[in-house]
Amino acid sequence: IAVTGTNGKSTVVTLIGELLHGAGKQVAVAGNIGKPLIEVVMEGEKLDWVVTEVSSYQLETVDHFHARVAVLLNVTPDHLDRYPSMKEYAAAKFRVFNRQTGADLAIYNQDDPWAVQGVQTSRAKKIGFSSGKVGAQQAAPLLVGRHNVENIMASVAAARFCGVPPESIQKTLEGFRGLPHRIEFVRERHGVRYFDDSKGTNIDAVIRALEDFTDRSVFLIAGGKHKGASYEPLRSIIQQKVKHLLLIGEAHAQMAQDLSGATKISEPLELSKAVALASHEAQTGDVVLLSPACSSFDQFRDYQERGEIFQKLVRQL
């Protein structure tokens with residue numbers, strides 16, 4: 001089972017693995033999420049399924065890679081410092097379908113025009129999911145947000161193809177908490193809630209995170225290493241949701257330019273100063289959200305380190 005897309009890959013791979021394991025199947029979770037896929041092959045363990053996260057970078061060079069189940073979650077602007085255009089970036093994602101046959105399954109997001117286009121290249125049976133058409137919000141009470149509704153639907157479709165019964169799926173969903181640094185609640189202090197979305201490394205991820213909060217309540221900490229895309233698509237939701245935008249990292253000047261006038265903007269540059277400023281200004285009912293829209297490599301080892309430092313700063317307030 002191969003999962004690709006701009007956002008949600010790790011959550012879906014983890015959830016599919018949990019759904020299969022909960023039904024008593026022998027399963028390995030590997031790929032871009034942790035253990036390299038080649039290690040699973042070399043270990044030679046007898047397994048029912050391998051669930052693997054595959055990035056566009058990895059898919060660029062696949063040849064014989066054959067996914068019995070291929071999942072395309074979404075395709076939104078990202079890595080445009082690597083790809084000349086969205087067309088080339090999307091084409092890399094579409095390669096997940098290359099070797100599929102009529103005995104296989106292709107799962108895709110019906111609300112994503114690129115995904116709808118890409119799935120046409122698969123010869124497999126096709127199942128689409130749509131958060132706009134299905135009310136699945138109560139399926140996993142510990143997960144929040146439209147993006148997680150989509151993640152759940154994609155995961156359930158894969159699990160059902162693999163023979164997991166509905167009652168086993170429901171039991172697993174009820175205990176699934178999601179992954180760290182993905183709109184993760186950190187703490188509440190003086191009526192202000194703090195969330196770590198350090199994994200929000202592109203524009204679409206930030207939009208999805210902001211959709212979960214009430215209007216004009218968010219102190220958004222964003223910025224990092226610039227990945228080539230304009231931040232202008234954030235303007236509308238920032239105008240609606242964000243009370244104060246606090247910019248860090250090397251992308252701060254570009255973000256301030258692209259989003260000028262959308263809301264109050266400060267450029268504290270360092271994460272510690274951003275957290276301090278947000279906590280000083282935020283009032284009861286407000287939210288402080290780290291959702292950077294950028295990679296972390298200008299100031300941090302990776303998004304995990306960025307999120308861990310943010311959580312430490314918040315807990316020290």
Side-chain angles (χ1 to χ4, degrees), residues 4-11 55-57 72-90 92-93 109 111-115 118 131 145-148 150-151 181-184 195-213 215 218-265 267 271 274 287-300 302-303 306-307 310:
T4 194
T6 305
N7 295 304
K9 296 184 294 296
S10 297
T11 297
S55 70
S56 59
Y57 291 23
L72 179 56
L73 296 170
N74 44 64
V75 184
T76 59
D78 199 9
H79 302 302
L80 296 181
D81 50 349
R82 181 182 182 92
Y83 298 99
S85 72
M86 274 294 293
K87 184 177 180 180
E88 284 83 2
Y89 172 54
K93 295 287 190 191
N109 188 340
D111 300 330
D112 188 297
W114 286 104
S131 60
R146 178 175 63 87
H147 62 290
N148 274 322
E150 295 173 348
N151 293 340
H181 313 302
R182 293 155 174 86
I183 321 182
E184 180 184 1
F195 290 86
D196 168 14
D197 189 41
S198 184
K199 187 62 172 69
T201 58
N202 57 65
I203 289 163
D204 188 63
V206 179
I207 292 171
R208 287 162 175 255
L210 288 171
E211 285 174 343
D212 292 338
F213 300 106
D215 291 354
V218 180
F219 285 74
L220 175 63
I221 302 174
K225 189 176 188 299
H226 185 50
K227 296 168 78 175
S230 167
Y231 301 102
E232 182 66 32
L234 284 169
R235 174 175 294 275
S236 176
I237 195 152
I238 283 178
Q239 287 174 329
Q240 180 186 346
K241 301 282 188 174
V242 176
K243 186 180 290 188
H244 192 168
L245 175 61
L246 304 104
L247 300 176
I248 64 172
E250 69 176 38
H252 71 96
Q254 186 66 52
M255 295 188 84
Q257 178 180 313
D258 289 355
L259 297 169
S260 176
T263 190
K264 179 181 178 181
I265 298 177
E267 299 179 52
L271 183 55
V287 165
V288 177
L289 170 68
L290 170 68
S291 192
C294 299
S295 68
S296 56
F297 305 124
D298 58 334
Q299 294 180 314
F300 307 95
D302 50 30
Y303 76 85
R306 176 169 61 189
F310 172 76

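What you see below is based on every heavy atom in this structure, not just the backbone, and it leaves out hydrogens, waters and symmetry mates. Nothing here was measured: the structure is a model prediction, and the numbers come from that model.
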Could you go through the side-chain contact (heavy atoms from CB on, under 4.5 Å) check for I183 and N148 one step at a time?
CA-CA 10 Å; I183 321 182; N148 274 322; 5.8 Å; no
Determine the minimum heavy-atom distance between [X] and [Y], stating which atoms define it.
{"X": "C294", "Y": "M255", "result": "SG-SD, 4.1 Å"}
{"X": "D302", "Y": "S296", "result": "C-OG, 2.9 Å"}
{"X": "A256", "Y": "E267", "result": "CB-OE2, 3.5 Å"}
{"X": "I248", "Y": "A274", "result": "CG2-CB, 4.0 Å"}
{"X": "H79", "Y": "S56", "result": "CD2-OG, 4.4 Å"}
{"X": "T76", "Y": "T6", "result": "N-OG1, 3.0 Å"}

Quick one: pull up [atom1] in [X] and [atom2] in [Y] and give me the separation to the nearest 0.5 Å.
{"X": "F297", "Y": "R306", "atom1": "CZ", "atom2": "CZ", "value": "8.5 Å"}
{"X": "I237", "Y": "I203", "atom1": "CD1", "atom2": "CD1", "value": "12.5 Å"}
{"X": "N109", "Y": "L72", "atom1": "CG", "atom2": "CG", "value": "8.0 Å"}
{"X": "N151", "Y": "S131", "atom1": "CG", "atom2": "OG", "value": "10.0 Å"}
{"X": "S10", "Y": "R182", "atom1": "OG", "atom2": "CZ", "value": "4.5 Å"}
{"X": "L220", "Y": "L247", "atom1": "CG", "atom2": "CG", "value": "8.0 Å"}

Under the criterion side-chain contact (heavy atoms from CB on, under 4.5 Å), I'd like the reasoning laid out for T263 against K243: C-alpha separation, chi angles, the key distance, then a yes or no.
CA-CA 6 Å; T263 190; K243 186 180 290 188; 5.5 Å; no
Qualifying residues under side-chain hydrogen bond (donor to acceptor under 3.5 Å, both in side chains), relative to H244, sequence neighbours excluded
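Only S266, E281 meet the side-chain hydrogen bond (donor to acceptor under 3.5 Å, both in side chains) criterion with H244.
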Please list, chain by chain and in numerical order, all residues satisfying side-chain hydrogen bond (donor to acceptor under 3.5 Å, both in side chains) with N74, sequence neighbours excluded.
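Result, side-chain hydrogen bond (donor to acceptor under 3.5 Å, both in side chains) vs N74: none returned.
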When you measure from the side chain of D196 to the backbone N and O of E184, does any donor-acceptor pair fall under 3.5 Å?
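No, D196 side chain to E184 backbone: no donor-acceptor pair under 3.5 Å.
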Are W114 and K93 side-chain neighbours, meaning at least one heavy-atom pair lies under 4.5 Å?
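No, too far: nothing below the 4.5 Å cut-off.
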Side-chain contact test, heavy atoms from C-beta onward, threshold under 4.5 Å: evaluate it for F195 versus F213 and give yes or no.
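Contact flag for F195/F213 side chains = yes.
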Excluding sequence neighbours, so at least two apart, what forms salt bridge (Lys or Arg N to Asp or Glu O under 4.0 Å) with [X]?
{"X": "E232", "result": "R235"}
{"X": "D298", "result": "none"}
{"X": "R208", "result": "E150, D204"}
{"X": "K227", "result": "D78"}

Verdict with reasoning, Q254 to H226, per side-chain hydrogen bond (donor to acceptor under 3.5 Å, both in side chains):
CA-CA 8 Å; Q254 186 66 52; H226 185 50; 5.1 Å; no
I'd like to know whether L289 forms a side-chain contact (heavy atoms from CB on, under 4.5 Å) with L210, so could you lay out the CA-CA distance, the side-chain angles of the two residues, the decisive distance to 0.1 Å, and finally the verdict.
CA-CA 9 Å; L289 170 68; L210 288 171; 3.9 Å; yes
For S291, run the side chain to side chain contact (heavy atoms under 4.5 Å, CB included) check against V206, I221, V218 and tell me which one passes.
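Per the side chain to side chain contact (heavy atoms under 4.5 Å, CB included) rule, the option paired with S291 is V206, out of V206, I221, V218.
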